[in-house]
Amino acid sequence: QVQLVESGGGLVQAGGSLRLSCTASGRTFSSLVMGWFRQAPGKEREFVATISGTGGTSSYADSVKGRSTISRDNAKNTVYLQVNSLKPDDTAVYYCAASHTIVLITTRKEYEYWGQGTQVTVSS
């Protein structure tokens, strides 16, 4: 079983930056593919970014590509999501997810474990 706890959300002005963190329990963190998703009010939960177990490969949604970076520190069992040039459309609850798969995945149903989410609000 893997437990995930997100942190780092908050209220930010448009154009600002945020760094979200997600810390996982357990000893197998480096074998997990990690992902970030977000869900805005009234919308489906959508993929944001994913990273391989080693951190060597990653993938991003078009909506954040070029202004976001996903990274991980396996020694700290933590994955990060840095988002720059924030827009009001980035306002959502951001969720961390984990999977024992060995390939990057961008679909919600492939992830086995989820955190409780952290709210990000971007004011205009």
Looking at [X] and [Y], what are the two nearest heavy atoms and their distance?
X	Y	value
F47	Y60	CE2-C, 3.7 Å
A14	S124	CB-CA, 4.3 Å
V12	L18	CG2-CG, 3.3 Å

Shared ILVMFWY cluster between F37 and V120, side chains joined below 4.5 angstrom? no
Assess whether a salt bridge exists between R67 and D90, defined as any Lys/Arg side-chain N lying under 4.0 Å from an Asp/Glu carboxylate O. yes
Please answer whether the main-chain N or O of [Y] pairs with a side-chain N or O of [X] as donor and acceptor at a distance below 3.5 Å.
X	Y	answer
R45	A40	no
N77	T23	no
S63	A61	no
S30	N74	no
S99	T101	yes

Is there a donor in the side chain of T121 and an acceptor in the side chain of T91, or the other way round, less than 3.5 Å apart? no
Exercise: do Y111 and T50 side chains pair donor with acceptor under 3.5 Å: yes
R38 to Y95, cation-pi by 6.0 Å centre distance and 45° axis angle: no
To the nearest 0.5 Å, what is the distance between [atom1] ([X]) and [atom2] ([Y])?
X	Y	atom1	atom2	answer
T78	L20	OG1	CG	12.5 Å
Q82	S21	CD	OG	9.5 Å
M34	F29	CE	CZ	4.5 Å

How about Q116: does its CD atom have over 12 heavy atoms from other parts shown lying under 6.0 Å from it? no
Is E112 atom CD crowded by more than 12 heavy atoms from other residues, nucleotides or ligands, each under 6.0 Å away? yes
Give me each pair satisfying side chain to side chain donor-acceptor pair (under 3.5 Å) with a member in residues 6-20, each pair once, sequence neighbours excluded. S17-N84
